[in-house]
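Some notes on the structure that comes next.
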Amino acid sequence: MRFDFTPEEQRFRDDLASFLNGALPPGWIGPADESRDDHWQLYIDVRRGLADRGWLTVGWPKQYGGKGVFPITSTIFAEQMAYHRAPGNDRFGTRMIGPTLIRFGTEDQKRRFLPPIARGEVQWCQGYSEPDSGSDLASIRTRAVQDGHDFIITGSKIWSTLAHRADWMFLLARTDPDAPRHKGITMFLCDVHSPGVSVKPILNMAGYHSFNEVRFDSVRVPRSQVVGGINNGWSTGLALLNFERSGIDYVGWASRTLDDIAHYARSAPDPDSSSLIYDPLFSAQLVDLKVEVESARLLTYEAAWQQGKGEASPTAASISKLAASEVNQRVHDFAVEMLGMYGPLAPGSDLAAFEGALLKLRLFYTSGTILAGSNEIQRNIIAARGLNLPRK
Amino acid sequence: MRFDFTPEEQRFRDDLASFLNGALPPGWIGPADESRDDHWQLYIDVRRGLADRGWLTVGWPKQYGGKGVFPITSTIFAEQMAYHRAPGNDRFGTRMIGPTLIRFGTEDQKRRFLPPIARGEVQWCQGYSEPDSGSDLASIRTRAVQDGHDFIITGSKIWSTLAHRADWMFLLARTDPDAPRHKGITMFLCDVHSPGVSVKPILNMAGYHSFNEVRFDSVRVPRSQVVGGINNGWSTGLALLNFERSGIDYVGWASRTLDDIAHYARSAPDPDSSSLIYDPLFSAQLVDLKVEVESARLLTYEAAWQQGKGEASPTAASISKLAASEVNQRVHDFAVEMLGMYGPLAPGSDLAAFEGALLKLRLFYTSGTILAGSNEIQRNIIAARGLNLPRK
Amino acid sequence: MDFDLSETQELIASGAREFLAARVSGDLVRNIAAGTGSYSDSWWRDVTQLEWPGLLVPEELGGAGLGFPELGALLEEWGAVLAPGPLLETALQGASAINRFGNDGQLKEFLPPIAAGEMIVTPAVHEEQPAWAHISLNASARFINGRWTLNGEKRFAPFAANANLMLVSASTGPSADDCTLFLVRPEDSRGIELTPMKTAAGPPLSRVRLHDVQVTEDAVLGEVGRGQEAIDYLMLLGAVGRSLQMAGAARQVVNMTVDYVSNRHQFGRPVGSFQAVQHHCANMAVAAKGMALLSRKAAWTLSEGSNPARAAAMAKVKANRELPYVCALAHQCHGAIGFTWEHNLHLFTRHALHWRSDYGDTNYHRKKLMTEASA
Amino acid sequence: MDFDLSETQELIASGAREFLAARVSGDLVRNIAAGTGSYSDSWWRDVTQLEWPGLLVPEELGGAGLGFPELGALLEEWGAVLAPGPLLETALQGASAINRFGNDGQLKEFLPPIAAGEMIVTPAVHEEQPAWAHISLNASARFINGRWTLNGEKRFAPFAANANLMLVSASTGPSADDCTLFLVRPEDSRGIELTPMKTAAGPPLSRVRLHDVQVTEDAVLGEVGRGQEAIDYLMLLGAVGRSLQMAGAARQVVNMTVDYVSNRHQFGRPVGSFQAVQHHCANMAVAAKGMALLSRKAAWTLSEGSNPARAAAMAKVKANRELPYVCALAHQCHGAIGFTWEHNLHLFTRHALHWRSDYGDTNYHRKKLMTEASA
């Protein structure tokens, strides 16, 4: 049992932080809006800079372009990226399809797809949800019909973050409509620039473009781009979600905003005290959130620790995601509230505190308890798989 | 729309308060432990005193010994009784079986059973739950078999508050074992002193005797003591629960304890302030709870108002019970916590604040969110009947 | 106690529901939230046709002579659809403050045009710090040659670009308490410069810069140096009005959510049949109902009860806590679709954030209650 | 980071689980909670056979020479069964405080008997106000003719009736900071009078009245007038130890509840198959796990990290909040049966109330964190 980082981990953390401080524009508040070309360029530059240092895929095995380190280091990476609100962390490639290919991919797939991710040259996106399939993923209706050496894909995917900037998508499609719903699904890798793929932006509630709807109109995908076997997409797809599921991003975001608001409070005037930081109603809420963020952080690092031991517990990841996504919402709600009348001022207002970033984040993180398996689904998982509670 | 009491209501409230101040022993902190003979005597005296003034059944129609006033007055009555932590409020008689008989009873039953309740001469208790039937009341197994003009009852009832002091019990028993589970149940009135009835005390978690298990070993009950028709006990029984269900007792208890702890805080030393009341961490929690108690109070009075208009909404009662029972627990948990190391001192310790009463209440009110339909059941009711959410 | 709306209140509420459902679309609100839409004169003209701005104005001055609970019934509906327009500012704050603090001449000058829908009022009382913070004002007014000259900057003035009457606070003496409230007509005054403040949602706000703005002695509302009382009253009215709007919004969010989960299917059944979703909805409904009762009580207390500041603080604390909570649960129940710009749900979340910050944030009202509890 | 228990920690924990499951019954705890049972010497003798009291005592003085995380692994199990007995007081507070502040003679005099299970230690440091409040002491010690004479009253001394060593704080100067910690052996001292303080649960407490109790110069632990540091250390250790016990108790409550709802049937299905119950259980499990991690971190920080007061405050705030919450949800899941005296669940609720009040209540630790956050 130990709760500090090893000297190597600490050094990595410091090096990463100083890289980011250099790579990000001075006074960078974030968050990035990747639909803006300047922000997308920053994303690409940071991603490449991270890749050049071997950090983008630091947890991957060495033969695929990683450093083969324990998942704690990957967690440090994600936490620092989130803390700096840094763009360039291609989690679809590095944390989702990458580990999935390492475990389930063919040798050809590994050789073809992994190095470009590790080199920071490509962008991936996800094709899971459909307009009528949200929490109930097994109900997807996108079809893939075999045609010689290819599959022809037709259907519609939704909530595909960064699809408008992506090169590749991993997606689930139904290959056997007659099989039981979990049995006839297959995972494909699809070039987003293939004929028949169209990407339609969806504006999110924070007012910018991160999601997309992606339509597939008879899109041809070679059979060599099936991952994990035909009709085996459900288990491959769930394994991928487990790679994804972690609270670490939320922990990093929440820590940063707590630091921001505490810093703000030191100079903010307060009617009753010399500054807001000395207002006990402010600081009591601040420290309560600090306790919860620390709790979520430990839960998250513990999940990574278990994963590193090869004991990838779906429950640990669910607990981490649940706790971290909820405290992250509380933190941002608190921060905006503590900015008083300046809190709801929008980006673009010269009087908006933090250039309106905290408001934008407050709105954006509404998604944290919904995406990647809603927190209700996480609680179901914890109850069923962690506590073995009866289903009926 | 008005939010104050009428002059008559206000006068009733004042008269009741001064009666209670006179009837209760000087410095009465409560709560009563009716298994103690002195407290039971106090219970009887107060009940009789209230009855003499026509207050015990103030909301009943005049012909049955009430004053026929609007339910707001009954709510004032219950709130004041709770606020004073006064014994003598026979809610099983006055709020449960009484209104049930007024609505569903035969003329004979009304003449026989209502006047003694109104005169404060009898004590009633409830026989609904069974060891294997808690939330799932329709699964009761106590049997009642017709035998000439009588029924023979056999089975076991549990959680019967005050059965050890009661004269009569209203109970549900299964009269048609072959009918669908909601269809074969009948409500009976049973003399607790009948041959074959045995009462076994159950000590509660606060350490005293309020509940009982009541066994029925071939207990003979005349058919004239069936309420609401044979095999019609489910709807009669649910109607009774709706008469019972109100948050008002919790509101009264919570208000009193908030006043108590605020009073305590005025003189309690505090390391950081002149007294605890000036500690912002104390007073912020105090006022948050005051807001919630006020909200629960209004929800409760609104439910009574609707009932008075003949629009007895099951949802209004459920909302009132839900909100009030939860804030009451929060209030008592807060109060014990604010007493610091003196909070967990037990009754009998000379240093215990409030003679240990707040601790005892903190423990006892654990039951508030469970009894009379757990709050999970209340939420189900609100969702299904109030919001018309689909069942499947 | 009587929890029913009176006949008049019910008439106002049902009329408002009907009118507003027809006239206020999500797009109208969304475009204003995006800063791309604007407040529409024609829509406001139609509002004024309903004589809502004059609900509180005495009958002899052309109004309906009704009380706060009647206007409150309207404000709940106004909040339920997030209706844009200076109703709270004009009908509640403007009419009441002038009625209470104005002299006969001012009553006759300002209340009839308010009732007639010809005058839009806005309070311009915040500066760097909100007016309820009781921090001494930087804006100042000097009395020279029989006229007052105003200088300084006010912030967060709602609908200022549309207003033809501003209630402007300015320092008129050395102490923090020496402040005075002025009735300023922008049309007749030189030296007023407005800059929009871009907001998440809620009323459009402006910075109001005052450069040697001159007004006559008649422009003083109440007494010189006694403006704090009127400002406190404006804040009190704002808190009650907002609480009512927030209660209406919460009710609407509950209804939207119940509709959605009743119709959205996942796992072969309506989402609303899952117990977790049902309990979310039940919690939302309880919260919304508590908000409604506390805010209605606050409105009633303004008219008839004692200690309206306490009732207002309770209502606003409750509303500030519960509306964001209700919206958060609604987002849980809606899932991804509620996270889109096109969906109306986030407009409620945005308004919740704005509304909880003005007319006393949560900690301000908690502190008021704390002071009272320890008195 | 390394979240695994070490081999030693795992051995201690599993051995403790086995021993405690066999030896600590609900009735034992319940009777102590009722004030009708008493702490049993034979049971404590068996505990000492396992050499637990000496876990922290250096090997050369007869102990196991282990660190806080090792004792912590034991305290979690100790808390999980609500084991009665002065383990925290003797093995954690007594051994550590003497080891840290004692001189060579004191180490040799007290640590070997602690390790051998022959000495039970209790801190007698609270008065009307708890020791962590830093209010000046009423108990006083005067140095006369080469001996210290102690007078006054201490309160809330756990297991005092069983203790053969008391750590007694007394004022030794005019200022609030002038306090000294004395090692007092009740057997050798006249003038000590104990009165039991009836509690809801948790350790039996006593008032300790000191009437001209005389001790030698050797009885001063650390330096005269510098006792506050040792008292703060006792409080810190207590906070960490309690957090660990509370984390263990929370885990146990989760397990009890999962067992119960898996087997209890209503509506023709296990209660634990209802989503509302499942989500209660999930929330409990998350809370318990967070408690475990924060309290283990605090124990580790005592041994190896920096700023143990901060880690302890976080652990205790978390434990104080979550254990009552976990118990409340457990009561919801258990229904009426959990509300009976015979059921063990309320013993956890009772301990939760006691434990959150000693060694720093929630607001005390919040204020420590607040001070740090604003520094």
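For D/A375, the part lying near chain A is the backbone, with the side chain staying farther off; criterion is any non-hydrogen pair under 4.5 Å. Only the side chain of A/E292 comes within contact range of chain D, with at least one heavy atom under 4.5 Å from a heavy atom of that chain. Proximity to chain A is absent for every atom of D/E7, based on heavy atoms less than 4.5 angstrom apart. Within the 4.5 angstrom heavy-atom criterion, only side-chain atoms of A/L322, from C-beta onward, approach chain D. With a 4.5 Å cut-off on non-hydrogen atoms, A/L286 touches chain D through its side chain but not through its backbone. If you measure heavy-atom distances from D/R296 to chain A, the contacts under 4.5 Å come from both the backbone and the side chain. Using a 4.5 Å cut-off between heavy atoms, D/Q275 touches chain A through its side chain atoms alone. Proximity to chain D (any heavy atom under 4.5 Å) is shown, for A/A316, by both the backbone and the side chain.
The contact list for residues 251-260 of chain D toward chain A, using heavy atoms and a distance under 4.5 Å, reads D/V254, D/V258 by residue number.
Proximity of a side-chain donor or acceptor of A/T257 to a complementary backbone N or O of A/A254 within less than 3.5 Å is not detected. Within the 3.5 Å criterion, the main-chain N or O of A/G247 finds a donor-acceptor partner in the side chain of A/S320. Remark: side-chain polar atoms of D/N320 are paired, donor with acceptor, to backbone N or O of D/R356 under 3.5 angstrom. No side-chain donor-acceptor contact under 3.5 Å links A/H263 to the backbone of A/D259. Side-chain atoms of A/E294 do not come within 3.5 Å of backbone N or O of A/V291 as any donor-acceptor pair.
Between the side chains of A/S325 and A/T369, no donor-acceptor pair is found at a separation under 3.5 Å. Judged by distance alone, the side chains of D/S303 and A/R2 never bring a donor and an acceptor atom under 3.5 Å apart. A/N328 and A/H332 share a donor-acceptor pair across their side chains, judged by distance under 3.5 Å alone. Using a 3.5 Å distance cut-off with no hydrogens or angles, the side chains of A/R95 and A/S246 do not pair a donor with an acceptor. For D/W300 and A/D4, the side-chain atoms include no donor-acceptor pair closer than 3.5 Å.
D/S96 has its side chain within reach of D/L92: a pair of non-hydrogen atoms, C-beta onward, lies under 4.5 Å apart. Looking at D/K368 and D/Y364, their side chains come closer than 4.5 Å, going by heavy atoms from C-beta outward.
No other option in D/G305, D/G272, D/A315 has as many heavy-atom pairs under 4.5 Å with chain A as D/G272. The greatest number of non-hydrogen atom pairs below 4.5 Å with chain A, out of D/A73, D/A287, D/S262, is found for D/S262. Put simply, of D/E304, D/M314, D/K297, D/Q278, the one with the most heavy-atom pairs under 4.5 Å next to chain A is D/K297. Options A/A384, A/S295, A/A304 differ in how many heavy-atom pairs under 4.5 Å they form with chain D, and the most are formed by A/S295. Per-residue counts of heavy-atom pairs under 4.5 Å with chain D were compared for A/G386, A/A383, A/A284; the largest is that of A/A284. Of the listed residues (A/I277, A/T315, A/I72), the one with the most heavy-atom contacts under 4.5 Å to chain D is A/I277. For the options A/I381, A/N380, A/I382, A/N388, heavy-atom pairs under 4.5 Å to chain D are most numerous at A/N380. Most heavy-atom pairs under 4.5 Å with chain A, from the set D/N283, D/N363, D/T362: that is D/N283.
When ring centroids are compared, A/F282 and A/Y264 stay outside the 6.0 Å threshold.
Figure legend: cation-pi geometry between D/R100 and D/Y233, with NZ or CZ positioned under 6.0 Å from the six-membered ring centre and within 45° of its axis.
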